[in-house]
Structure formats: structure tokens, C-alpha cells
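Here's the structure we're looking at; comments come further down.
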There are 2 protein chains.
Amino acid sequence: MADYPSEQEAVNNYDSSQYITPDGYTSDIAVFTITAEEYIKNPKVSTSKELKIMLIKRAAVDAAGRPNIEGGKWALPGGFIDGRTKETALEAAARELEEETGISGIFLKHFGVYDEFGRDKRGWIIANAHYAIVPEQALSKRKAADDAVEVQLFSIDEVFSLNLAFDHRKIIKDAISFIERDLIETKVAKNFLPEEFTLSELQSVLLTVSNNPRITTKSVFFAKVPKLAFIEKVYDEDGNPKKTERNSYRPSQLYRFNDVEVIKSIYE
Amino acid sequence: MADYPSEQEAVNNYDSSQYITPDGYTSDIAVFTITAEEYIKNPKVSTSKELKIMLIKRAAVDAAGRPNIEGGKWALPGGFIDGRTKETALEAAARELEEETGISGIFLKHFGVYDEFGRDKRGWIIANAHYAIVPEQALSKRKAADDAVEVQLFSIDEVFSLNLAFDHRKIIKDAISFIERDLIETKVAKNFLPEEFTLSELQSVLLTVSNNPRITTKSVFFAKVPKLAFIEKVYDEDGNPKKTERNSYRPSQLYRFNDVEVIKSIYE
DNA sequence: CGAATAGTGTCTTTGAGACACTATTTG
DNA sequence: CAAATAGTGTCTCAAAGACACTATTCG
């Protein structure tokens, strides 16, 4: 390697001041949950679930009492990443989410970068957008943080009638597209469910985003899902099928996702 | 809105110096093409196509004659984004790609952000990774740019035996996963093909990344594809089926992708 | 006619989807 | 037994997949 410069020499030759670098680097999170409506809409369909997104209302003034940018508007939780913490955007999102909800190990996925000049009046601010999936119970522990004065869940229908901060309307729209697509094209439904779930529970999650007959038709769904390679039946210590009675009097079989990868060709 | 601060007041209250901001913001591009091997491997299979990625060899010294970081290694084309240009990472990638290949309107998709601290010795450098699809002919026009001394196409098999710069091994690995998945789960195969293509041409593109029997089996593929909602038969001005003889003596029917969206459930 | 690519026909097995039926438990 | 959820059985039609057959053109 004698032909090549020493690493240190090369590093010293980089002068970051030759470029204008970003004025800020942020991490935003679209937090989704599925809420169960407990009332009975139809004698044959007892519970109906709905996909919701969590937003915060930005405070009018910041902690120091100065006017807050985009104050009073609804926004995605998130914030600036400080180079001193040496965090990645994903790590920062995970930490912020944990601070906000009090739970760790939440599913989090990066889905886009928003770096258009002018998207934030304060300068050239790069936003990393993520979506998170949180079980409903966990959100009851939520608490207001930092400059958030109010936290609320909105259905997909109502969220776009709100007064949204920055370019969050576009980010939220994208987040919803991603989660709706991922729920049926990938195994993320897993994150809305317990480790071990029944076929009805899986079906009710999928029904929040799809009306595909292979999901809505009971005989088809119940016949097909146990045969899928990425889903397996759960057995107890004695090797007997493991069942639960949490949803009904009659015990129902438990299933779980395994590690088999899925790729679904559009040409089949 | 009298309760909320004026926008200008709020903007003035933001002090970017309270955070350590990134030292650099870059755009990298994994350029893919499919090359046709002209030789005949098997009397029954006349042409075989292969997916390849384009890399550049980083110069040992920069334009000013100083040692170049990661000089001599193979890397993804790309470069720093300067805030003065007010470009997004995607726009910068498109421009760089056009400068590199001399062609415009290339398909380009963002697939990831690499912002781990320590991934670049020069500081906290954020990389936006994209993949691009370029028809083979276009790459013949390629020319070395900037600090690139050499440009070369590598097959997926051979690329990982190279000495790769920065964390480009991981980025390339991710790019390959994305393009292989997207080729069969989305309509991106479109970008490797002419506007109007034959079933055999589509099949040979898909065969570079899949051995799914519904793609490899001729009777199934030829029967199925013309019935797909997102693909349509092409007709000429007189309303007759439009055919080409570019691949054979016998004319073959032309098809094109239309704007129908595809979502393929893993539960069906 | 042979070579080369582009398809089509046919047959068997599997799966989709509709819908009515059975099973398990509690009160 | 009624209510509530969890499944299964059956029937029809459509699609998957294997593989052999036909079609078009050139030289």
C-alpha cells in the first residue's frame, strides 16, 4: 500500500468548511397503534379495531418562555440529534420514543428523508422519518415531554383535518402509505400482536388496512394462514397444541411468526 | 392566532449552534445495469443476462495533488452536497449520475441513510444511499469524473471480493437486497427494459434475480403476464397488435407497463 | 428443411371463495 | 339451551405447473 497516502494525511486534507453543511439533523416518529372499540356494532362482529396515529401539540412557547416555532400545531414527536451524543437517527428515535411512552424494545422503521430546502424556516434542516408500532396498552403510560403540551391519538380519517406543523402533512401521508403497505406485504403485523396470537387476532389487525377477500373470508383465511411458511402453531411443554381462552369460551389455537423470510412476486 | 408567536420571532429564537450539526451530507449511488452475454451457453438458451453494479476506483490523490481519503479502493459514485446549491440528496444524486453517464431521466430510488458515527474518518458524515437503473447501452458513454480514475462493472458475485471504501460494503449489500426484492415485488423491472418489450425480454430480466417456477416456467409465465392488471398489450395506429422482430425471425408481441398500482399480500 | 425464437394446448393437481355446518365453553 | 367465538366440510370454478406441441421467419 506504499502507493497510497497514509490515512491520517488524507483525513487532514478534508476541510469541511469548503461545503455548507446542514443547520440541523432531526429524527421524527409516526407512532401507530391499533385501538379496539369495545362496543358491539353488529351481533356477529363483536369487536372492531382501528389504526391510529399519535401526535403531539406543539407548545406556544418553549421551556425558556420564548415563542416556539410552529407553536400550537399538531406534529410528529421527535427532535434534534446532537453530534455530541454520537447517536444515529434511528437510535435517537428509539430513545425519544422510550422517553415519551416509557417502554423500550418498540418496533421502529426508517422510511424516508425530508431534506428539501425551505421545509423548515430555521434553515437547512434534515429530517429522518420513522414509523413505530406500539401496543395500545403501552400508550396509556404516555406522558408529555419537552415542548409537547398535549398528546392524542387520531384516526387516519381525521388526522388530515388538523393544523399540522412543518411538512408533517406529507410525512404523515407517507407514513400511512408505508404502514398500510407493510402490514400486508411484510410481517410487521407481528408488532401489533402478542408473541403468540390467534388467527382471529391476526385477522382483525389485517382488516384495519385491507378488504382483500382472502383476508376477509373466514374459511379462506383460516385455511390458508396455518399453511404459511412464516407462521407456525405453538405447542406447550408437553407437545400439545397451546390454546388460549382470552377471546372466547372455546379455547383457540395460538400461532407465532417465525424467521422465514417472505418475498411475494407480483408476477404470480 | 393571537396566542401564538409571530413566525419571525420564533425563527429568530432558533440557535443552530446549540447542537453539534453534521460535518457533511453526501449522496451515494449504486448504479445497476443488466448485461447480455452474447455467447451461447446451451443450444436451447441463447442469451443469458446478468445483473451488474458500477463502481469507481478512488484516486490516490485529489485534484490538488494531496492524498485522497480511501484512495485506491473501489467505491460507489457520489459526493458531498453543498448547502449553497439547495439541492435535495435525490436531486444531487440525479445530477451526479447525469454528469457521470451523460444521460438524464434515469430511474433513481433512495433506499437508506448511513449516519453511524465513525463510518467516515473525516467526521460526522451522513450518507444518503440510492440505487439507479441504467440500460446497458447508456453506460458505454460513461466517463471518469472528479476523483474517479477508473469505472468498472462488477457482477454481484465478484463485488464483495474487492477492497471497498468506507462502509460501502454494507451499503452495496443493502442495495443488492433492495433491487433484488424490488424487481420481483414492484414494477421497477420496467427500467431495465425499453418502453415496449416482449414477454421474453421481461422474463430474462426477472430471471437475473429469481428462480421462482412461475417465472421460469414458460407456459405459466406467458399465460399469466398478459393477464396482469399493470401490464398491457401494445397496439399500433391501426389498432393491430404491435410486434417486433428484434429478438427473432418470428415477430413477437410488444407489451408495456401501465399505471395500475400493485400490492401483493403475503397472506394469500 | 434446420435453426432459432415465440408462443399454445392439454392434462392433473392444487387453491380460491362461497356458505352452511359443527365444536367448545359459560351462564 | 342460548350466546359467543372458533373453527371445519363441501362444492364449484379457476389457476398452477409440467411438458409436449405448433407457429413464423431466415437462409
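Within every chain, numbering begins at 1; the chains are lettered A, B, ... in the order of the sequence lines, protein sequences first and strands thereafter.
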Quiz item: Would you say the side-chain atoms of B/Gln152 pair up with the backbone N or O of B/Leu55, donor to acceptor, closer than 3.5 Å?
Solution: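 It does not hold such a pair.
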Quiz item: Where the side chain of A/Gln253 is concerned, which of D/dA6, D/dG7, D/dT24 is the nearest nucleotide?
Solution: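 Closest nucleotide among those given: D/dG7.
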Quiz item: Out of D/dA3, D/dG7, D/dT24, which has the shortest distance to the side chain of A/Tyr249?
Solution: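 Among D/dA3, D/dG7, D/dT24, the one nearest the side chain of A/Tyr249 is D/dA3.
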Atom [atom1] of [X] to atom [atom2] of [N]: distance rounded to whole Å?
X: A/Leu202; N: D/dA6; atom1: CG; atom2: P; result: 12 Å
X: A/Leu254; N: D/dA6; atom1: CG; atom2: P; result: 11 Å
X: B/Glu245; N: C/dG7; atom1: CD; atom2: C1'; result: 15 Å
X: A/Glu268; N: C/dT14; atom1: CD; atom2: P; result: 18 Å
X: B/Arg250; N: D/dA23; atom1: CZ; atom2: C1'; result: 4 Å
X: A/Arg246; N: D/dA6; atom1: CZ; atom2: P; result: 10 Å
X: A/Leu199; N: D/dA6; atom1: CG; atom2: P; result: 9 Å

Quiz prompt | Of all pairs that satisfy ring pair (Phe, Tyr, Trp, His ring centres under 6.0 Å), the ones with a partner from residues 246-268 of chain B, not counting sequence neighbours | solution =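 Only A/Phe230-B/Tyr267, B/Phe197-B/Phe257 qualify under ring pair (Phe, Tyr, Trp, His ring centres under 6.0 Å).
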Quiz item: Which residues in residues 208-243 of chain B have at least one heavy atom lying under 4.0 Å from any atom of DNA chain D?
Solution: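 Heavy-atom contacts with DNA chain D come from B/Arg214, B/Thr217, B/Ser219, B/Val220, B/Lys224.
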List the atom pairs, with distances to 0.1 Å, where a side-chain N or O of residues 187-196 of chain B and a protein N or O form a donor-acceptor pair under 3.5 Å, not counting sequence neighbours.
residue  : atom : partner  : partner atom : Å
B/Lys187 : NZ   : B/Asn258 : O            : 2.8
B/Lys187 : NZ   : B/Val260 : O            : 2.7
B/Asn191 : ND2  : B/Val188 : O            : 3.0
B/Glu196 : OE1  : B/Lys242 : NZ           : 2.8

Practice problem: Determine, step by step, whether A/Leu254 and A/Arg246 satisfy the side chain to side chain contact (heavy atoms under 4.5 Å, CB included) criterion, reporting the C-alpha distance in whole Å, the side-chain angles of both residues, the deciding distance to 0.1 Å, and the verdict. | Solution: CA-CA 11 Å; A/Leu254 289 169; A/Arg246 64 182 174 232; 3.6 Å; yes
Self-check item: Residue met sooner reading DNA chain C from 5', once A/Pro251 and B/Asn247 are mapped to nucleotides
Solution: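 On the 5' side of the pair lies B/Asn247.
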Quiz item: Heavy-atom count around B/Asp259 CG within 6.0 Å, excluding the residue itself: above 12?
Solution: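 Check fails, neighbour count at 12 or below.
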Self-check item: Passing option when B/Phe32 is tested against B/Ile156, B/Val134, B/Leu153 for side chain to side chain contact (heavy atoms under 4.5 Å, CB included)
Solution: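 Answer to the side chain to side chain contact (heavy atoms under 4.5 Å, CB included) test with B/Phe32 among B/Ile156, B/Val134, B/Leu153: B/Ile156.
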Exercise. Compare side-chain N and O positions of A/Ser252 against OP1 and OP2 of D/dG7 and report whether any pair is under 4.0 Å apart.
Key: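 Answer is yes, contact under 4.0 Å.
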Quiz item: Is there a side chain to side chain contact (heavy atoms under 4.5 Å, CB included) between A/Ile53 and A/Ile179 once you walk through the steps?
Solution: CA-CA 11 Å; A/Ile53 183 169; A/Ile179 198 166; over 6 Å; no
